[in-house]
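Throughout, protein chains are lettered first and strands after them, A, B, ... in sequence-line order, and every chain is numbered starting at 1.
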Amino acid sequence: AKARHKPCSLKELEVTVSELGLGYTSDETVLFRYCSGTCDSAVRNYDLSLRNVRKMRKIKKEKVRARPCCRPLAYDDDISFLDAGNRYYTVNEVSAKECGCV
Amino acid sequence: AKARHKPCSLKELEVTVSELGLGYTSDETVLFRYCSGTCDSAVRNYDLSLRNVRKMRKIKKEKVRARPCCRPLAYDDDISFLDAGNRYYTVNEVSAKECGCV
Amino acid sequence: RKEYHENVYIDQPVGLPLLRIHALKDSEEEEVHFGLCPDLVIQRDGIHKNLWFQIQENTGLLFFNRSLEKDLHKMLLGGSWATMSKLVFPVLLSSQPFQGKECQSAHSYNLQHVPHAKVTLSVINATMPSCHSTALGQMCFTDMDLSFQIKENKPPGTFHQLQLFPQQQPCQNISISYKVIADESLPFHYDQNTTTIRVTRSLDRETREKYELLAKCTVRDASKETSKEVPLLVTVLDEDDTPPFLPNGTNTADAVVEFCRKEGTVLATLMVYDADTTPIFPLENSRKKYTGTISTSDAWVKETFRVEHIFNEIYFNPNGSQVRGTQHEYKLVLNKVISITESRSFQLDVIVNDTEYQGPDKSLMLHFNISILPVSIQFPNITYQFTVNRNAANFSQIGKICINNCMRFCGINIMYSLQAPNVSCYAVNIVQSHEDKDGSLYVNDSAVLRKPECKEIQYPVLAVEKQSKKEAHSYLTVILDGKLIRNDEGCLDSCARSKTRSECEECGGLGVLTGRCQWRKGSGTGITPNYSTCSPSIRTCPDGKCDTVESKDPRICPQDCTNTNIIGGHERGLTGIKAGNGICYCFPEENCYCEKDDIKEPLCDDM
Amino acid sequence: AGPSSLPAQEPHGWRTPVDCVRANELCASESSCSSRYRTLRQCVAGRDRNTMLANKECQAALEVLQESPLYDCHCKRGMKKELLCLQIYWSIHLGLTGGEEFYEASPYEPVTSRLSDIFRLASIVSGMDPATNSKSNHCLDAAKACNLNDNCKRLRSGYISICNKSYDNYRCNRRKCHKALRQFFDRVPSEYTFRMLFCSCKDQACAERRRQTIVPDCSYEEKEKPNCLDLRSQCRSDPLCRARLADFHTNCQTSFQSLTSCPGDHYQACLGSYAGLIGFDITPNYIDASIASLTVSPSCSCRGSGNMEEDCERFLRDFTENPCLRNAIQAFGNGTDIGPPPKNPPLPPVSPSPKMEKSPPLPDDINDSNTIYDTSMITTCTSIQEHGTKLNKSKEQSLCFSEKSLTTDLMPEQKFVDTKGSS
């Protein structure tokens, strides 16, 4: 089999605060860490069962997720910066610290 | 606003072991608990940032998830049953015990 | 009879016989004496002088010589409104007149070694049953089972009287007659007048151990007559009165030691029968009763062999009836590993002794003709040649190396090794199988296979027997063959990761022989050993065994070797997946999965 | 004079029974009692107990202890310190009887609750809508009910996962399996456990599920069946198993003084003590998945009993041919406890005298150590034939019916006649 997607892991990217798209304008840069990859090897009996129960229409019109998702398990410390209007801002839970399949 | 989906919570359904679709055939029933509902109220700055960074093509061909998912945080005890061939089986992590947005 | 029980009522008249205890003698000249202990144990009230019961020393008639009304009732029933209580006491049996010291206290614990019968009286807090309230059946027989035990080889004697005592049968104006229905040839005689039953001769359990007679009682009153029949069972108790014998006269067996030389190997078995029973409870006593000892002064023989003795109950059928006996099995067993160089023949004798049998021929001799053959460590006179595909991956299994008879060995450990050839094309290695019988050849440096200059590689092969250090030599030729196919970098290194045929056959993985994984199409529904899966080589994986090559790396064949979590319908083997539902695939060292592949609909949360 | 600190004795020496742990504390607080009890423990601890007990000191110890609350103390199933209580009970009991009795008095106080809800529940279940009831598999329903109760589900999965662990030729761990089974039957209410153990079946699949309830491959089956007397002696070497066996003998012993063959017509006590045996050496189980026979037995045989064959077979019959146990299981399965008397009143009342009214079971009355298992039933064959076998009473009854069960040695003219009027 070919490796289509790497398993869920922590990635990082240097971006400016503006590029975060939260509405702040600042040329300061932050290390944005995020979770990426597949959780194929974290599937549980729960997921298989939920998928089958849904397939048999025993669950209708409900938002259920029958596969684990690769998500942050913990977040980095808050980030602070001086924006273009010389005002200081602090923003929490922007960057992931630890990732996992849940 | 109209409530399209309920918030993420624990639901319960009585199904036979066969209906779990794991491949076991048994008329014994189990209480299948699963997580269902939306996590709109659990979105974080991380999610908004990740969505924007992806929109700006800074992340390509990676499997990332920019929304929390409603998933089990803990699983029920194992279930055991006698199958149609009079063999006992024990299966773990079938039913959720606690749900949350991660 | 070991136990007697009878009902006694508060208002029962005194002075009449209550019960008769019967006993048989061990020898003609023996006398029979019955006796009671001076004290009575009253369950809630402790020990009291026995003022109420008395027994006739020579007839065994038990009398009730003081009314319960006065005091025993209060003690027994504790003044409560309990309706019934039990009074238990022993009746002692002796061949000498009683001196009164047989039972220091009435507790039954010290009567283990004094022959006695246990009498249980149900003292009923009610008046004696009148005639009309007594069921017809109760007039004939008491509660007690008519079952008796008679020792074999003992003199004749009376063991029961059918007729009830007057107070046991309150109806006066009726007539009760008894009959015993039994074949004349049986060793029992029924005296119509006294209604007593006698065993008329000494019994032999080895001829017959159970007799079933029929006691018939006929009750006539003015208007009608009713009869009732109850089985009367006699069990013959065994004595060790027969010597051991050989079932078909064979006391000799051959025992050859060749390829199987490990401790515990059973070389030969001989049977000894005994017409007596041998209780398997408590086991140790019976085992000690029948011994089987090697009779030799040779220390080596004593050290090298042992005799194991097991026995179980069998049935003999002397003239039509079924009688229990014992079959003793004596197994000659290797007590330690024998070297492959050892070679000798001799006769080993075992003395079997029935320690408890007093008569002649209490022991007999068994003979084992032992021949220990040497084992040669030789390769078959061939040179080994294997062709290996140049696309083969590490841990792909090329073949087996086995010296003569190696698969028949047990207790003989062969170490195989390839001598390092002086050429740079060293791509193959060998590992012992689990029981050190044969060796498995596998690729351990696949890069060498891709070198065009490596075409044919010779290896000297060495086999050494661990204990004797004897060696054998041979030659192995490995021929590299096949056109190289390009392996895609994106491929994972474990075939087991693939969930579909296309994924499987697009890549290789550890253990593949031809550069590509092989898809095993499963059959059967539900959880089946024949699940679909992607394998490096269907011949060895999955085959339910985690062999010594596969156990070198968890990525080779997790289907046979995994101990991790298996999710989805499955059955676990000693290691690996013994059976699975649909397709089984694994993330080595993480999880394995078995699931149906029939969910085609796209999962909405994948979008 | 009895020791002062002991509980005041009622007028005619009638002591209110206490549990043995409490009795031991009372005895320990009283010097003469505690020293005698220490002596007795040494007497019964020795290998050759019988000779020890015969010596003067042990005798004296017993005399004193009979006045102490230890003499007729009892224990309760599932009480705190149950094992300690039983150890104390047996040390006294062995002193009194030497421990060689065939039947031993139960150390447990009798179950006093009569028609408990579990029978009513079973009757509700078995009385369900007849359409489903005839087809429904009661044992499957019992398993479903258990799976829907968290406590029952957890403990059931607990023993199944332990007992079910066997790889190819490696046997499971029977000791751990038994422990898990004991926990299940001790901690899960009997309305769940009895339904799984005694459900009534109309087809083989249901009967096989009932047989599988205790995972017999691990907890019961044996490559080579031990001798039953050996099994009994192993059980009697463990105070808890010994207590459960004595309890079974006390509560399930066929009693001819009762309508149902059970002592005090008390089905629940019998079923409870049967379930109490599960998880010990002597674990009983259904011997097959037949719907008709409903035969249970420990995993042992009487092969190799030597001269003790009769005792062995008698011990085995207490399981395989026990009318009280069978009636109790059938009654639970059909949800009919002792409620309304059966349609055609069975045999003429056996009770020796009309005046004998049914008295509530007193501990001493029921627990007399020597309640003898009366195998011969005082009824006439003819009367049994009229009433059919609804209430299986005794071995003799089966003999009345089937002539062939008598060995062929019987004489040609053996017959069962009601020679009314004929000579």
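- Contacts of B/Ser26 with chain D are made by side-chain atoms alone, with heavy-atom separations under 4.5 Å and no backbone atom involved.
- Residues D/Leu148 and B/Val30 come closest through the heavy atom pair CD2-C, 4.3 Å.
- The nearest pair of heavy atoms linking D/Lys144 to B/Thr29 is CG-OG1, 3.1 Å.
- By the 6.0 Å contact criterion, CD on D/Glu224 is open, its count of non-hydrogen atoms from other residues, nucleotides or ligands being 12 or less.
- When the shell of 6.0 Å around CD of D/Glu221 is examined, it contains more than 12 heavy atoms from other residues, nucleotides or ligands.
- Distance check: D/Arg209 CZ to B/Asp83 CG gives 9.0 Å after rounding to the nearest 0.5 Å.
- A 4.5 Å side-chain heavy-atom check between B/Asp76 and D/Lys153 finds at least one atom pair inside the cut-off.
- Nearest heavy-atom pair across D/Ser157 and B/Ser80 is OG-OG, 2.6 Å.
- Your options are D/Asp150, D/Val215, D/Ile160, and the one with the most heavy-atom pairs under 4.5 Å with chain B is D/Ile160.
- B/Asn86 contributes atom CG, which lies 4.5 Å from atom CD of D/Glu208 (distance to the nearest 0.5 angstrom).
- Closest approach of B/Tyr88 to D/Gln212, counting heavy atoms only: OH-O, 2.6 Å.
- The residue among B/Asp78, B/Thr90, B/Leu82 with the most heavy atom pairs within less than 4.5 Å of chain D is B/Leu82.
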